[in-house]
Each structure stands twice: as C-alpha cells, then as structure tokens.
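Reviewing the structure listed below.
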Amino acid sequence: MSADERRRMIVRSVLPLLVEHGAGVTSSQIARAAGIGEGTVFRVFKDKDELFATCFAEALKPDQVLDAIAVIDLDQPLDDRLVEAADALSAHLQRMGALMAVMHGSGKRPEHRHGDRRDRGKESMSAMRDAMAELFKPEKDRLRLPPAQSAALFLSLLFSGRIRFGETGDEPTTMELVDVFLNGALAAA
C-alpha cells in the first residue's frame with residue numbers, strides 16, 4: 001500500500017471515531033479501527049493534530065455526496081431524483097456538522113487560513129450545484145429557469161431549510177421540500 005493510500009485508509013477509519021469520541025480518541029483506538037499498529041499511524045502522520053486536520057479537511061470534501069448524486073437514475077421522475085439527492089446532501093451536512101461540533105467541543109480546531117476555507121467552500125458548492133444541474137437537465141424544456149439556476153435555488157432552499165428548522169422540530173420532510181420547490185407553496189385549487 002502506498003503512503004497516500006495508507007493515509008486515506010487511516011483517515012476513513014478515524015472519521016467515525018472523531019465523531020464518536022472527539023479529540024479524545026486514543027492512538028490505540030485509531031490503530032485498531034485502521035487495522036494497523038500504533039507506530040504506523042505516526043509514520044504516516046507526525047502527530048494527532050496533523051491526523052485530525054487531515055480528517056477535518058476530508059470531511060469537508062463533497063466527493064462522497066457528488067458520487068451519490070452521480071449515480072441517481074435520470075430516467076426516474078424529477079421529484080424522486082431530487083429526494084434522493086436531497087437525502088445524500090443532508091447526510092453530508094449532518095456528517096460535517098457532527099464532526100465540527102465534536103471537534104469544536106473538544107477544543108481542537110484544525111488550523112487553516114480563512115481564505116483557503118472560503119475558496120474550498122465555494123468550490124464545493126459549485127461542484128454540488130453542477131452535479132444537481134445534471135438532475136434537472138432532462139426537464140430543461142419544462143423548467144422556468146436554466147438547470148444550473150434551478151439547482152442553485154434548490155440547494156438554497158434545502159440548506160437554509162435544514163439550518164433554520166433543525167432546532168424547532170418543525171422540519172419538513174425531504175419530500176415536502178421537493179414538493180414545495182417543484183409545485184409552490186399554494187395548494188391546488
């Protein structure tokens with residue numbers, strides 16, 4: 001296994017541990033989850049801080065959600081495509097939020113420059129919008145707005161809805177969000 005493959009394997013193994021244990025995860029737990037010796041962890045990463053920073057950066061990447069969106073069957077109805085994509089996006093946001101909350105709560109915040117984080121965030125949102133636009137393209141002749149703009153509006157509704165409703169318990173279901181997005185807020189006459 002190459003050094004890069006080993007790093008990725010360790011990071012994939014450690015992410016769930018960080019969500020569960022925060023920065024208090026032990027070297028022994030890390031090694032056991034990765035199926036390697038403790039010494040191997042520190043031959044790949046100089047210390048736990050570097051490992052945590054790498055895990056944090058990995059969790060922010062949209063790769064997993066982009067892969068999930070890419071395999072959505074474009075032959076199914078648009079509302080079904082959007083529900084599948086929204087569920088994948090919501091799971092991504094929950095993973096990121098859980099990791100950030102645990103890391104923040106344990107006092108370990110990865111070091112990064114503010115501009116870098118903003119640039120990565122813009123790149124991630126752009127990639128997600130482009131992936132979502134592909135789901136709208138089969139209906140492009142029926143859309144009021146171009147697929148990319150429809151995708152951007154859908155993401156805005158999805159992300160703001162999840163953030164605002166998350167604390168009240170009044171959160172609409174994914175299907176309700178998709179229905180309001182596609183059909184509006186007014187009931188049929």
Sequence neighbours left out, cut at 3.5 Å: what donor-acceptor pairs do the side chains of residues 176-189 make with other protein atoms?
{"unit_1": "E176", "atom_1": "OE1", "unit_2": "T173", "atom_2": "N", "d": "2.8"}
{"unit_1": "E176", "atom_1": "OE1", "unit_2": "T173", "atom_2": "OG1", "d": "3.4"}
{"unit_1": "D179", "atom_1": "OD1", "unit_2": "N183", "atom_2": "ND2", "d": "2.5"}
{"unit_1": "N183", "atom_1": "ND2", "unit_2": "D179", "atom_2": "O", "d": "3.4"}

Please lay out, stage by stage, how M132 and L135 fare under the test side chain to side chain contact (heavy atoms under 4.5 Å, CB included).
-> CA-CA 5 Å; M132 289 298 298; L135 299 180; 3.9 Å; yes
Residues in salt bridge (charged side-chain N to carboxylate O under 4.0 Å, His left out) contact with E84, at least two apart in sequence or another chain = none
Under the side chain to side chain contact (heavy atoms under 4.5 Å, CB included) rule, collect the residues that match up with R7, sequence neighbours excluded.
-> D4, V44, F45, E50, T54
For F136 and A151, which heavy atoms make the closest approach, and how far apart are they?
-> CE1-CA, 3.6 Å
Residues 130-139 vs side chain to side chain donor-acceptor pair (under 3.5 Å), sequence neighbours excluded, gives R81-E139, E134-K137
Taken in chain and number order and not counting sequence neighbours, the residues that satisfy side chain to side chain donor-acceptor pair (under 3.5 Å) with R43 are T40
Report the C-alpha separation of V65 and I69 in whole Å, then their side-chain angles, then the decisive distance to 0.1 Å, and conclude whether the side chain to side chain contact (heavy atoms under 4.5 Å, CB included) test is met.
-> CA-CA 6 Å; V65 73; I69 293 170; 4.3 Å; yes
Please check if the side chain of S156 supplies one atom and the backbone of A152 the other of a donor-acceptor pair under 3.5 Å.
-> yes
Give the C-alpha distance, both sets of side-chain angles, the deciding distance and a yes or no for side chain to side chain contact (heavy atoms under 4.5 Å, CB included) between D47 and L51.
-> CA-CA 7 Å; D47 56 26; L51 172 59; over 6 Å; no
By salt bridge (charged side-chain N to carboxylate O under 4.0 Å, His left out) - contacts of K140 (at least two apart) | none
With sequence neighbours left out, write down each residue that passes side chain to side chain donor-acceptor pair (under 3.5 Å) with R6, or none if nothing qualifies.
-> none
Name every donor-acceptor pair, under 3.5 Å, that has one atom in a side chain of residues 22-36 and the other anywhere in the protein, sequence neighbours excluded.
{"unit_1": "T26", "atom_1": "OG1", "unit_2": "Q29", "atom_2": "N", "d": "3.0"}
{"unit_1": "T26", "atom_1": "OG1", "unit_2": "Q29", "atom_2": "OE1", "d": "3.3"}
{"unit_1": "S28", "atom_1": "OG", "unit_2": "R32", "atom_2": "NH1", "d": "3.1"}
{"unit_1": "Q29", "atom_1": "OE1", "unit_2": "T26", "atom_2": "N", "d": "2.8"}

In chain order, what residues pass the side chain to side chain contact (heavy atoms under 4.5 Å, CB included) check against D73, with sequence neighbours excluded?
-> D75, Q76
Check A127 against L66 and note the closest heavy-atom contact, atom names and distance.
-> O-CD2, 3.5 Å
Sorted by chain and number, sequence neighbours left out, side chain to side chain contact (heavy atoms under 4.5 Å, CB included) with E58 holds for V11, L15, K61
What pairs with P146 under side chain to side chain contact (heavy atoms under 4.5 Å, CB included), at least two apart in sequence or on another chain?
-> Q149
